[in-house]
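What follows is one structure encoded as structure tokens, with my remarks underneath.
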Amino acid sequence: MNLSIFVPTKNRYYYIAKLLDYYLSINFKGEIIILDSSDENIKVQIIEKISLIGEKLKIQYYHSVGLPCALMKKFFNKVKTDYVVFSGDDDYFTPSGIKSCIDFLNNNNSYIGCTGKGISVHSSINNKKIDFILNYKQAKIYGKSSIDRICYQFENYKVPIFSIYRSHEFGKFLVPVPSNDDFKKRCPDKAIADEYIIEGAMVAYGKIEKLKLPYLVRHIHIDRNIGNMVPDFKKDWIKSKNYTQSKNYFLNEISKIISNEDKIDFIEAYDLLKKKYDEHINKEIKEEQKFIFRLYISKIFFITGFIRKIRNFLRRNFFEKKIFSETFSNQELRAIMNSIEKKHE
């Protein structure tokens, strides 16, 4: 298969091992590029796992400390396939979803990326037990101009990073990403350095199609913060002393792309981007405040494990029964659920 999957990880052998077992089980023929920031003891475990797999999977392994996007930038020259995609060490792609996205891109040169339907699978306490499943907002990006696509994205932000991209396009997305060595000086805010820059570039450079078929499963669990690699949005938006510096870096870099792609003045691009970005951030802060309140109330009402089990039972069998039924009736998604719950052991 003409696809490379970037998988950054840090100190999470349990998840990377499950992910590799999953790709073994579906006979994945693409290449997996593991970017490992783990401590020495976990690093040894991961290397041993890869050694046991042998030639059954095509795996490149690199140990280097850094944020995921900075590591992808550092090792992008190792990609030899025509297509590439980013994955967390606890994210899964369906075989048919991968194939359909690549087929679409092969036949539609005007699109730079393609994705499919996504779901998030939540485990609140036991990481082997699925408590509930939600739809995950995958990006579908249209628009003839770069600024049109940016406006569309920031009006209703959805995630483009899990789309499959042409490799030469993906390399362009990484150009404005700060390297491991200088991100603290240029863009020290992790939410911007490791998410908004690459996703802003993805949207600015071209259209992304979203196919109506199962494609992505994200596992949300108590170990979600990969050794403090996942951005802490609350601190970033409200408390970070580095926010203004990082925001200005983001606005400058993405405005350069917009200006070049649309052949418009840099100041015009900058002003439009800043307006849409500020509106988006203000909206997200309000949503976060609502989320914090709901989380507080939830902890009060569902403080005991027994009550939490009742809530999850009601979600699975009544409130979210449809998505549960659709997930477990699909053979490929069911295989991923079994991998998450390790039922193959």
Side-chain angles (χ1 to χ4, degrees), residues 6 8-12 35-39 64-76 86 88-89 139 146 150-151 153-155 157-162 170 172-205 223-259 266-267 269-293 295:
F6 270 127
T9 188
K10 182 177 182 180
N11 292 335
R12 300 210 309 186
L35 307 175
D36 183 19
S37 293
S38 298
D39 297 337
S64 183
V65 176
L67 293 174
C69 287
L71 291 178
M72 288 194 291
K73 180 173 185 171
K74 181 177 180 179
F75 292 102
F76 183 72
F86 165 84
D89 58 7
S146 183
I150 287 287
C151 289
Q153 171 71 339
F154 280 121
E155 285 169 3
Y157 202 94
K158 294 183 180 179
V159 180
I161 199 169
F162 297 105
F170 200 90
K172 288 158 58 177
F173 308 153
L174 293 170
V175 171
V177 172
S179 68
N180 280 334
D181 297 329
D182 64 3
F183 94 90
K184 288 184 179 180
K185 293 183 294 184
R186 299 169 69 188
C187 186
D189 186 298
K190 286 190 291 184
I192 295 178
D194 208 47
E195 178 171 341
Y196 277 103
I197 290 174
I198 191 169
E199 294 193 348
M202 288 170 171
V203 173
Y205 271 119
D223 299 324
R224 189 69 184 158
N225 192 341
I226 313 171
N228 201 33
M229 290 173 76
V230 175
D232 183 342
F233 295 107
K234 183 172 181 288
K235 290 181 180 177
D236 284 336
W237 287 344
I238 301 172
K239 299 178 181 179
S240 173
K241 64 181 181 181
N242 301 313
Y243 177 72
T244 299
Q245 176 189 349
S246 301
K247 173 186 171 181
N248 289 339
Y249 178 84
F250 162 78
L251 293 174
N252 274 292
E253 292 301 312
I254 303 304
S255 295
K256 290 176 189 176
I257 298 173
I258 296 169
S259 176
F266 172 81
I267 299 299
Y270 184 96
D271 288 344
L272 286 167
L273 175 61
K274 182 178 184 300
K275 180 177 182 292
K276 289 299 178 181
Y277 174 81
D278 286 343
E279 290 173 353
H280 161 72
I281 292 297
N282 289 333
K283 179 181 176 182
E284 289 298 308
I285 289 173
K286 290 178 182 178
E287 289 297 319
E288 182 187 64
Q289 290 168 345
K290 292 178 184 178
F291 172 78
I292 292 170
F293 176 75
L295 185 64

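Residues take their numbers from the sequence shown, with the count starting at 1.
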Taking side-chain contact (heavy atoms from CB on, under 4.5 Å) as the definition, give me every residue that meets it alongside Ser179, ordered by chain and number, with sequence neighbours left out. Asp181, Asp182
What pair of heavy atoms forms the shortest contact from Cys187 to Tyr249, and how long is it? CB-CD2, 3.7 Å
Side chain to side chain donor-acceptor pair (under 3.5 Å) against Ser38, all qualifying residues, sequence neighbours excluded: Asp36
Please report the interatomic distance CD1(Ile150) to CD1(Ile258), rounded to the nearest 0.5 Å. 4.5 Å
Please list, chain by chain and in numerical order, all residues satisfying side chain to side chain donor-acceptor pair (under 3.5 Å) with Glu155, sequence neighbours excluded. Lys276
Assess whether a salt bridge exists between Lys275 and Glu279, defined as any Lys/Arg side-chain N lying under 4.0 Å from an Asp/Glu carboxylate O. yes
Could you measure the distance from the OG atom of Ser259 to the CG atom of Leu273? Nearest 0.5 Å is fine. 12.0 Å
Sequence-distant partners of Ile198, side-chain contact (heavy atoms from CB on, under 4.5 Å), two or more places apart: Cys69, Met72, Ile161, Phe170, Phe173, Leu174, Val177, Met202
Please name all residues satisfying ring pair (Phe, Tyr, Trp, His ring centres under 6.0 Å) with Phe183, sequence neighbours left out, ordered by chain then number. none
For Asp39 and Asn11, indicate whether the former's side chain and the latter's backbone hold a donor-acceptor pair under 3.5 Å. no
Give a yes-or-no answer on whether the side chains of Asp189 and Ser246 include a donor-acceptor pair shorter than 3.5 Å. no
Residues at least two apart in sequence or cross-chain that pass ring pair (Phe, Tyr, Trp, His ring centres under 6.0 Å) with Tyr157, listed by chain then number, are Phe154, Tyr196, His280
Hits for salt bridge (charged side-chain N to carboxylate O under 4.0 Å, His left out) against Lys73, two or more places apart or cross-chain, chain-then-number order -> none
Going by the rule side-chain contact (heavy atoms from CB on, under 4.5 Å), which residues pair with Asn180 if we only count those two or more places apart in sequence or in a different chain? Ser64, Ala70, Leu71, Lys74
Taking every non-hydrogen atom, the tightest pair across Lys10 and Ser37: CG-O, 3.6 Å
Residues passing the side chain to side chain donor-acceptor pair (under 3.5 Å) test with Asp278, sequence neighbours excluded, are Lys247, Lys274
How far apart are the closest heavy atoms of Pro176 and Ile257, and which atoms are they? CG-CD1, 4.4 Å
Rounded to the nearest 0.5 Å, what separates atom CG in Asp194 from atom CG in Leu67? 4.5 Å
Working to the nearest 0.5 Å, report the span between CZ of Arg186 and CD1 of Ile192. 14.0 Å
Going by the rule ring pair (Phe, Tyr, Trp, His ring centres under 6.0 Å), which residues pair with Tyr205 if we only count those two or more places apart in sequence or in a different chain? none
Name all residues meeting the ring pair (Phe, Tyr, Trp, His ring centres under 6.0 Å) criterion together with Phe6; count only those two or more places apart in sequence or in a different chain, and write none if there are none. none
Just to verify, what does Lys256 make a salt bridge (charged side-chain N to carboxylate O under 4.0 Å, His left out) with, not counting sequence neighbours? Glu253
